[in-house]
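Presented below is the structure to which this report refers.
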Amino acid sequence: LYRLDSLCTCLVYLYTLSWKRNAFLITRSLSKSIDSRSSRDQLPDAEFAMTAFEPQTQITDELVYTYPASLAETFTHYCPGCTHGIAHRLVAEVIDELGIREKTIGVAPVGCAVFAYNYFNVDFAEAAHGRAPAMATGIKRVRPDNIVFTYQGDGDLASIGMAEIIHAAARGENITVVFINNAIYGMTGGQMAPTTLPGQKTTSSPCGRDVETMGMPLQMSELLSVLPGTAYVVRRSLHNVKEINRARKAIKKAFEVQIAGMGLSMVELLSNCPTNWGISAVDSLKWIEEHMIPYYPIGDYKVRPEVEALK
């Protein structure tokens with residue numbers, strides 16, 4: 001994809017009963033604004049709208065966006081609107097930026113991301129349900145020079161895999177964990193997960209999660225941050241561009257922590273599940289902001305001083 005300098009992305013919209021009196025020019029310059037006041041003064045509105053950009057358009061071939069080399073070109077199996085694809089791309093971009101593709105090993109979970117190995121151009125292993133941290137521990141100890149990460153959902157990590165992640169964190173295993181929290185079991189049909197919110201309806205809690213009988217949702221970032229073996233534990237979200245950019249920076253920092261040998265790093269990503277939530281993709285992003293973030297606040301839960309010193 002190439003940038004077209006000084007080329008408007010929205011050309012000319014004439015929403016009018018009278019061309020001359022009610023013409024609106026909607027433009028967005030990609031590099032610099034175009035001062036065309038003198039042209040506007042000299043031309044009628046309609047004539048200006050049709051001619052203002054013709055002599056000022058410059059095309060360059062500067063590459064500003066490309067497909068990550070670590071991201072495989074394949075058809076997605078995820079549901080429409082799912083943010084797993086965004087998370088995959090962020091991980092791939094970071095691997096490329098750090099130049100670690102040839103020595104990175106991922107560990108796939110059981111869940112919606114069970115086929116994660118199909119999406120990355122790096123070596124991968126498939127773990128039994130919930131056992132990704134245990135498998136990552138074995139790989140990292142046998143091949144300490146490799147960069148090892150797990151990619152897990154909330155059912156895989158916080159339910160059947162609770163023992164594995166807790167003890168890996170307690171031991172301070174030098175691995176990176178990417179944790180997708182969408183507050184529900186996705187692959188198996190939308191059952192209540194350890195992260196399902198109070199009152200949230202699922203196929204196994206059709207009247208909503210009753211905290212009196214089912215307990216409160218687990219806040220994994222807060223839980224892991226108190227363990228001495230963790231070096232970097234943060235929570236980010238994928239519901240808008242600003243938070244996606246922040247998530248990318250956090251994932252990069254988590255890999256840098258592993259490269260520096262500082263201990264376990266985890267980035268929790270608040271994600272959506274429009275299919276099992278029973279709402280549209282757009283509404284699911286709003287649902288994250290309005291319902292998930294109040295219970296799962298975005299923030300840094302543990303950043304060791306030596307991690308802060310990393311450049």
Side-chain angles (χ1 to χ4, degrees), residues 1 9 65-68 70-94 106 108-120 150-159 177-206 208-209 217 220-221 234-251 267-298:
L1 296 177
T9 56
Y65 189 79
T66 188
Y67 200 90
S70 295
L71 192 65
E73 296 189 25
T74 185
F75 292 105
T76 182
H77 79 283
Y78 295 114
C79 298
C82 177
T83 49
H84 267 297
I86 295 175
H88 286 1
R89 183 181 179 97
L90 296 182
V91 172
E93 287 180 346
V94 167
V110 171
C112 289
V114 66
F115 299 122
Y117 45 78
N118 288 333
Y119 293 88
F120 295 92
T150 71
Y151 186 98
Q152 301 175 259
D154 40 11
D156 189 85
L157 181 141
S159 182
V177 176
V178 179
F179 169 43
I180 306 296
N181 178 2
N182 60 9
I184 204 166
Y185 279 103
M187 183 186 71
T188 54
Q191 294 84 5
M192 187 182 72
T195 52
T196 297
L197 296 175
Q200 183 179 350
K201 294 181 180 180
T202 71
T203 54
S204 59
S205 59
R209 179 172 188 153
M220 293 305 300
S221 289
V234 301
R235 179 182 292 128
R236 298 291 186 263
S237 180
L238 301 176
H239 73 282
N240 62 35
V241 174
K242 176 184 176 182
E243 295 304 329
I244 289 171
N245 288 334
R246 294 185 67 218
R248 186 188 188 283
K249 294 177 182 178
I251 293 171
V267 178
E268 177 180 350
L269 298 175
L270 300 183
S271 186
N272 65 348
C273 187
T275 296
N276 288 305
W277 290 355
I279 55 180
S280 70
V282 173
D283 288 342
S284 70
L285 300 179
K286 297 177 182 177
W287 202 88
I288 293 175
E289 184 173 12
E290 295 173 359
H291 297 279
M292 290 190 71
I293 292 177
Y295 190 84
Y296 297 110
I298 296 171

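In this text, all values refer to a predicted model and were calculated from it rather than measured experimentally. Both backbone and side-chain heavy atoms feed into the values below; hydrogens, waters and symmetry mates do not.
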Interatomic distance, CE@Met192 vs OH@Tyr185, rounded to 0.5 Å, equals 8.5 Å
Of all heavy-atom pairs linking Gln191 and Ile184, the shortest is O-CG1, 3.3 Å
Looking at CG of Leu197 and NE2 of His291, how far apart are the two atoms once the value is rounded to the nearest 0.5 Å? 8.5 Å
Under 6.0 Å between ring centres, would you say that holds for His84 and Tyr151? yes
Residue set satisfying side chain to side chain contact (heavy atoms under 4.5 Å, CB included) with Leu71, at least two apart, ordered chain then number -> Tyr67, Pro68, His88, Arg89, Ala92
Sequence neighbours excluded, the answer for side chain to side chain contact (heavy atoms under 4.5 Å, CB included) partners of Asn240 is Lys242, Glu243
Work out which heavy atom in Pro194 is nearest to a heavy atom in Ala158; give both atom names and the distance. CG-O, 3.6 Å
Sequence-distant partners of Ser205, side-chain hydrogen bond (donor to acceptor under 3.5 Å, both in side chains), two or more places apart: Thr202
Partner residues of Thr275 under the side chain to side chain contact (heavy atoms under 4.5 Å, CB included) criterion, sequence neighbours left out: Cys79
Ring-ring centroid check His77 Tyr119, cutoff 6.0 Å: yes
Keeping Tyr296 on the side-chain end and Ser237 on the backbone end, is there a donor-acceptor pair under 3.5 Å? no
I need the minimum non-hydrogen distance between Cys82 and Pro274, along with the two atoms involved. N-CG, 4.4 Å
Just how far is it from atom CG of Leu270 to atom CE of Met292, taken to the nearest 0.5 Å? 4.5 Å
Minimum heavy-atom distance between Ala250 and Val234, given as atom pair plus value: CB-CG2, 3.8 Å
Keeping Arg209 on the side-chain end and Thr196 on the backbone end, is there a donor-acceptor pair under 3.5 Å? yes
Kindly write out the residues that satisfy side-chain hydrogen bond (donor to acceptor under 3.5 Å, both in side chains) with Thr76, not counting sequence neighbours, or none if the list is empty. none
Within this structure, what is the NZ-CD1 distance for the pair Lys249 and Ile244, rounded to the nearest 0.5 Å? 13.5 Å
For the pair Met187 and Val110, evaluate side-chain contact (heavy atoms from CB on, under 4.5 Å) and give the outcome as yes or no after the intermediate values. CA-CA 9 Å; Met187 183 186 71; Val110 171; 4.1 Å; yes
Could you pull out all donor-acceptor pairs under 3.5 Å where a side-chain atom in residues 277-288 meets a protein atom, sequence neighbours excluded?
| residue | atom | partner | partner atom | Å |
| --- | --- | --- | --- | --- |
| Trp277 | NE1 | Asn182 | O | 3.3 |
| Ser280 | OG | Asp283 | N | 3.1 |
| Ser280 | OG | Asp283 | OD2 | 3.2 |
| Ser284 | OG | Asn272 | ND2 | 2.8 |
| Ser284 | OG | Ala281 | O | 2.5 |

Side chain to side chain contact (heavy atoms under 4.5 Å, CB included) partners of Pro109, counting only residues at least two apart: Ala113, Gln152, Asp156
Exercise: identify the closest heavy-atom pair between Thr203 and Gly189: CG2-O, 3.3 Å
Which residues share a side-chain hydrogen bond (donor to acceptor under 3.5 Å, both in side chains) with Glu290, sequence neighbours left out: none
Any chance you could measure Cys273, atom SG, to Tyr78, atom OH, to the nearest 0.5 Å? 12.0 Å
Of all heavy-atom pairs linking Leu90 and Ala247, the shortest is CD1-CB, 3.9 Å
With sequence neighbours excluded, tell me which residues meet side-chain hydrogen bond (donor to acceptor under 3.5 Å, both in side chains) with Thr195. Asp154, Asn181
Between CD1 on residue Ile251 and CG on residue Leu269, distance to nearest 0.5 Å: 5.0 Å
With sequence neighbours left out, write down each residue that passes salt bridge (Lys or Arg N to Asp or Glu O under 4.0 Å) with Arg235, or none if nothing qualifies. Glu222, Glu268
